[in-house]
Novice: 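One structure, pasted below without further comment.
Chain identifiers are assigned alphabetically (A, B, ...) following the order of the sequence lines, protein sequences preceding nucleic acid strands; residue numbering begins at 1 within each chain.
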Amino acid sequence: MTPAELSALLLLSATELLARRAGDVAPTLTVADLALERPRNRDHGDWSTNLAMKIAKAVGVAPRELAAELAEGFRLIDGISAVDVAGPGFINFTLDAAAAGSLAKAIVEQGAAYGRTDALVGQTINLEFVSANPTGPLHIGHTRWAALGDSIARVLTASGATVATEFYINDAGTQMDNFGASILAAARGLPTPENGYPGSYIAELAAKVVAERPDLLELADDEALAIARERGYALQLGDIRSSLERFNVHFDVWFSERDLHAVDAGTGQSLITAAIDRLRVQGHVFDDDDAVWVRTTDFGDDKDRVIRRGNGIVTYFAADAAYYLNKSDRGFAHKIYLLGADHHGYVHRLKALAGAAGDDPDRDIEVLIGQLVSINGARLSKRAGNIIELDDLQAWLGTDALRYSLGRYPADSPLTLDPELLQKRTNDNPVFYVQYAHARTFSVARNAAASGVGRSVFDASLLTHDTESALLGLLAELPRVVAQAAELREPHRIARYCEELAGSYHRWYDNCRVTPVGDESVTDVHRTRLWLSDATGVALRNGLDLLGVSAPDRM
RNA sequence: GCGCCCGUAGCUCAGCGGAUAGAGCAAUUGACUACGGAUCAAUAGGCCGGGGGUUCAAAUCCCUCCGGGCGCACCA
C-alpha cells in the first residue's frame, strides 16, 4: 500500500465520521489535510497524521477525543494492523507487513517511472540558468547554477511539467568588443588592453583564431577586431557548450541576445523596439529627460528604469524586457530565472517587468537567487583572471562527485568548498556512499543469481524485520520527495533522500541476508528480499538520475 | 542609509508549525572463517545568534537588535 492509497482510504473514513458528527457544518477535508508523515521515532508506527489537532477547533471537540473517534474508523481499514492515539492528538498507523511490503514489487515493475508524479501536470515552464557571457570559460559559480538548474528541470519534468531550459547568450554589447580586443592584442603579442580580459585562455583563443585565419595579423584594426571577436566568440561558446554537455547539463534553447537587437527588414522593428512599444501600450512607459522609462515603481521596484537612453541606445533592461516578452510569445506562461546573488538587484525590476507587460508578477515569473560559492574563502573573479573553471573542477572531482556536492545544498545556502578535501576523493563525499549502496544492490543480485535465488516468488508478508519496514517506509516516500523538490525548486531534497535511503539499505543488508548461508536451502524469504533489494536499487538510480549523477553497477 | 540572503554539534550543512533538533566528516570504542569493512553498531558533542510576540505546539511564522555575505547605473 502506498502512502497515497492510504491517504485516500483515511480521507474516506474521516469524511464519513465528520458528516455523521457535524452534519452540514462539517469541514471539507482534502488529502492535504491528512498530511501523512513518517514519524521520526519508529515506535510511533509507520505513518502518522496530525489531522485531529488541525480540525479539532472547527469541529468543537478536544483534539485527543476527536483523534480517538477517528482512530476507531481507521482501525476497520484493510491492511492497517494498528492505530494509536498519542501525545496531544497524533494518530499513528502501523501497516500489515503484507500491505507495506507489496510496494517493493510495485517499484521494480515501475522501474524508471517510479518517483514520477503528475503533481505539476499542465504547467508549461521556461527555466533560464547559467546565461554566462561567452567571453570566457564557465567558473565555479556557473557550475553551481548549471548543476542546480539542470536538476530543477529534471524534477519538474518528473513531476509532469512541460519544461524548456534556456541559456541566454549575452553576445551583444561592449563586453564583446573588449573580448575581441583582448584576443587581437594577444595575437599581436601586445599586453591586455584596458577593460580587457586577462585570463590565459585569451592567449589560447588567440592562437586558435590565428591558426584559422593566418591573415589576421595583416588586416586593418576594424576588420581584424571583428574577426577576433567573432571567431573567439564561436570558439568560446563551443567550449562552454561542450563543458556543459560533459557535465550532463542540457539546454533546449540557446538564445542569442543579438536576435533581440536584429532589425526586421520588413517592419523596421527589432524585438526590443517592438517590446518597448508593447509596454507603452500597457501604459507603463513615459518619456523624461530625453530618455524613455518604464514605471517599474508601480510594481515594487525601488526606482524607475531607463529602457532607452537619451542618445537613442537601448539599455540592457530593454533586452531583458524583449526577452521576457519573447518567452511569453513562445507559449511559456511561467518563467523561472536562476540568478547568482550578485544579480539579486534584478529581482524587483524583472518582477516589475512582468507586471508592466500585463502579467501577474507573483504567478508568472519566479526569480531564484543562488548564493555564491567560495573556495577557501577566496571569491573568484573572471575579470581578475583567477578563475577556477568548470573543466578544472571536473578534472579534480569527476562529474558525479561535483554534481552531487553542488546539488545537495539549497540554492540560498552559501556554500564553501574545500579543494583539498575535494581532491582527496575519499568517502568524505556522500556521493560515494550513495553510489556504493546502488552498486551493492547489483552485487546482491549477482550473488543471488549464483546461489540460485530467483524472483519466482514474492510474498510481502515475509518482510517483517525492523530494518525491512524502515526501508519500505523510505522507499514509499520517493514520489513525494520528488514532487516536493519540484514544487519548491529544491533538488537537494533528492540528494538528502538518497543518503537516507542508502543508510537504510546498508542497515538492512547487515541484518537480512538475500542468499542462504552454508547448507541452508533457498526459501521464499530469500526470493522476496531480492525484490526488496532490487526495489532499493531502482529508487536510488532514479534519485541519482534526477541529480545528473550516474548509478554504477559496480565500483 | 535602503533591499535580498544567511546565522543550527569542533567542521560542512539538513530540517516549507508537530512528538526526545538530525546527517556526514572529525573524536572515542566495538563488529568480518557470513551476499563488497567504500559497511554496520555504540559513545560523546547543542542557551537552533540575542530578546519580544502569534499558536494547543516555534529552529520553522511576525517584530526588533547583533553578526556575516551580496546588491543598490541613462554599465553590460
Novice: For the residue pair A/Q435 / A/D400, report whether a side-chain donor-acceptor contact shorter than 3.5 Å exists.
Specialist: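 Short answer, yes.
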Novice: Work out how far the C1' atom of B/G46 is from that of B/U20, and round it to whole angstrom.
Specialist: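 13 Å, rounded to whole Å.
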Novice: Counting only side-chain N and O atoms of A/R493, is one of them less than 4.0 Å from OP1 or OP2 of B/G15?
Specialist: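 Yes, within the criterion.
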Novice: Test the A/R440-A/Y505 pair against the cation-pi criterion, namely NZ or CZ under 6.0 angstrom from the six-membered ring centroid and within 45° of the ring axis.
Specialist: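 No, A/R440 does not lie over the aromatic ring of A/Y505.
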Novice: Do A/H492 and the base of B/A14 stack face to face, with centres under 5.5 Å apart and an angle between planes under 30°?
Specialist: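 No.
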Novice: Before accepting this row, confirm whether a basic side-chain N of the pair A/R455/A/D534 lies closer than 4.0 Å to the acidic partner's carboxylate O.
Specialist: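 A salt bridge is present here (some side-chain N lies under 4.0 Å from a carboxylate O).
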Novice: Centroid separation under 6.0 Å, is that true for the rings of A/H343 and A/Y337?
Specialist: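 Judged by ring-centre distance (under 6.0 Å), A/Y337 and A/H343 do not meet the cut-off.
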Novice: Rounded to whole Å, how long is the line connecting atom CD of A/Q371 with atom P of B/U12?
Specialist: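 In whole Å, B/U12 P and A/Q371 CD are 16 Å from each other.
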Novice: Can you check whether A/F90 stacks with the B/A19 base, using ring centres under 5.5 Å and planes within 30°?
Specialist: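 So yes, this residue stacks on that base, both cut-offs being met.
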Novice: Which nucleotide, B/A38, B/G18, B/A76, lies nearest any side-chain atom of A/P88?
Specialist: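 Selected nucleotide: B/G18.
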Novice: For A/Y409, report the nucleic acid contact type (base, sugar-phosphate, nothing); a contact means any heavy atom under 4.0 Å.
Specialist: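 The answer is sugar-phosphate, as A/Y409 gets under 4.0 Å only of primed atoms, P, OP1 or OP2.
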Novice: To the nearest Å, give me how far apart OH (A/Y433) and P (B/G37) are.
Specialist: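 Spelled out: OH on A/Y433 to P on B/G37 is 13 Å.
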Novice: Considering only the C1' atoms, how many Å lie between B/C47 and B/A21, rounded to the nearest integer?
Specialist: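 So the two C1' atoms sit 14 Å from each other.
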Novice: Is the aromatic ring centre of A/Y509 closer than 5.5 Å to the centre of the six-membered base ring of B/C35, with the two planes inclined by less than 30°?
Specialist: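 A/Y509 ring centre within cut-off of B/C35 base, planes near parallel; stacks.
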Novice: Rounding to a whole Å, what distance do you find between A/W145:CH2 and B/C5:C1'?
Specialist: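 These atoms are roughly 11 Å apart.
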Novice: Measure distances between side-chain N and O atoms of A/T315 and base N and O atoms of B/A76, and say whether any donor-acceptor pair falls under 3.5 Å.
Specialist: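 A donor-acceptor contact between them is absent.
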Novice: For A/H348 and B/C2, give me the distance from atom NE2 to atom P, rounded to whole Å.
Specialist: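 Rounded to the whole Å, the gap is 14 Å.
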Novice: Any N or O donor-acceptor pair under 3.5 Å from the base of B/A19 to the side chain of A/N92?
Specialist: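 Check passes, donor-acceptor contact within cut-off.
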Novice: For a quick test of reading the model: is some side-chain N or O of A/N511 closer than 4.0 Å to OP1 or OP2 of B/C40?
Specialist: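 It does not, given that no N or O in the side chain of A/N511 lies less than 4.0 Å from OP1 or OP2 of B/C40.
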Novice: Would you tell me whether A/Q371 and A/Y409 have side-chain atoms, one donor and one acceptor, within less than 3.5 Å of each other?
Specialist: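 The answer is no; no qualifying pair exists.
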Novice: Decide yes or no, distance alone: a donor-acceptor N/O pair under 3.5 angstrom between the base of B/G18 and the side-chain of A/N50.
Specialist: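 By the distance-only test, yes, there is a pair.
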Novice: Starting at NE2 of A/H506 and ending at P of B/A41, how long is that distance when rounded to a whole Å?
Specialist: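 Checked: the NE2 to P distance equals 10 Å.
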Novice: Let me know the distance between CZ of A/R308 and C1' of B/A76, rounded to the nearest Å.
Specialist: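 Taking atom C1' of B/A76 as the reference, CZ of A/R308 is at 18 Å.
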Novice: Using only heavy-atom distances, determine whether the side chains of A/H526 and A/T523 contain a donor-acceptor pair under 3.5 Å.
Specialist: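 On atom types as modelled, these side chains qualify, holding a pair under 3.5 Å.
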Novice: Within the structure, does a side-chain N or O atom of A/R309 lie under 4.0 Å from either OP1 or OP2 of B/A76?
Specialist: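 Yes, A/R309 has a side-chain N/O under 4.0 Å of OP1/OP2 on B/A76.
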Novice: For the pair made of CG in A/L148 and P in B/C5, what is the distance, rounded to whole Å?
Specialist: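 Distance, rounded to whole Å: 17 Å.
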Novice: Can A/D524 and A/R527 be counted as an ion pair, charged N to O under 4.0 angstrom?
Specialist: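 Yes, charged N to carboxylate O under 4.0 Å.
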Novice: Please check the phosphate of B/C74 (OP1 and OP2 only) for any side-chain N or O of A/K303 closer than 4.0 Å.
Specialist: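 Looking at the OP1 and OP2 atoms of B/C74, one of them is under 4.0 Å from a side-chain N or O of A/K303.
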Novice: Applying a 4.0 Å non-hydrogen cut-off, can you work out what A/L488 is touching in the nucleic acid: base, sugar-phosphate, or nothing?
Specialist: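 Contact class for A/L488: base.
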Novice: OP1 or OP2 of B/A19 versus the side-chain N and O atoms of A/R64: is any pair under 4.0 Å?
Specialist: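 The answer is no; no side-chain N or O of A/R64 sits under 4.0 Å from OP1 or OP2.
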Novice: Between A/T515 and B/A34, is there a side-chain N or O to OP1/OP2 distance below 4.0 Å?
Specialist: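 So the side-chain polar atoms of A/T515 never come under 4.0 Å of the phosphate oxygens OP1 or OP2 of B/A34.
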Novice: So what does the secondary structure string of RNA chain B come out as, 5' to 3', with Watson-Crick or wobble pairs under 3.5 angstrom, [ ] for crossing and | for pairs with another strand?
Specialist: (((((((..((((....[...)))).(((((.......))))).....(((((..]....))))))))))))....
Novice: Rounding to a whole Å, what distance do you find between A/L368:CG and B/C5:C1'?
Specialist: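 One finds 13 Å between C1' of B/C5 and CG of A/L368, rounded.
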Novice: Tell me whether the guanidinium CZ or amine NZ of A/R305 lies under 6.0 angstrom from the six-membered ring centre of A/W293 and within 45° of its axis.
Specialist: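 No cation-pi geometry.
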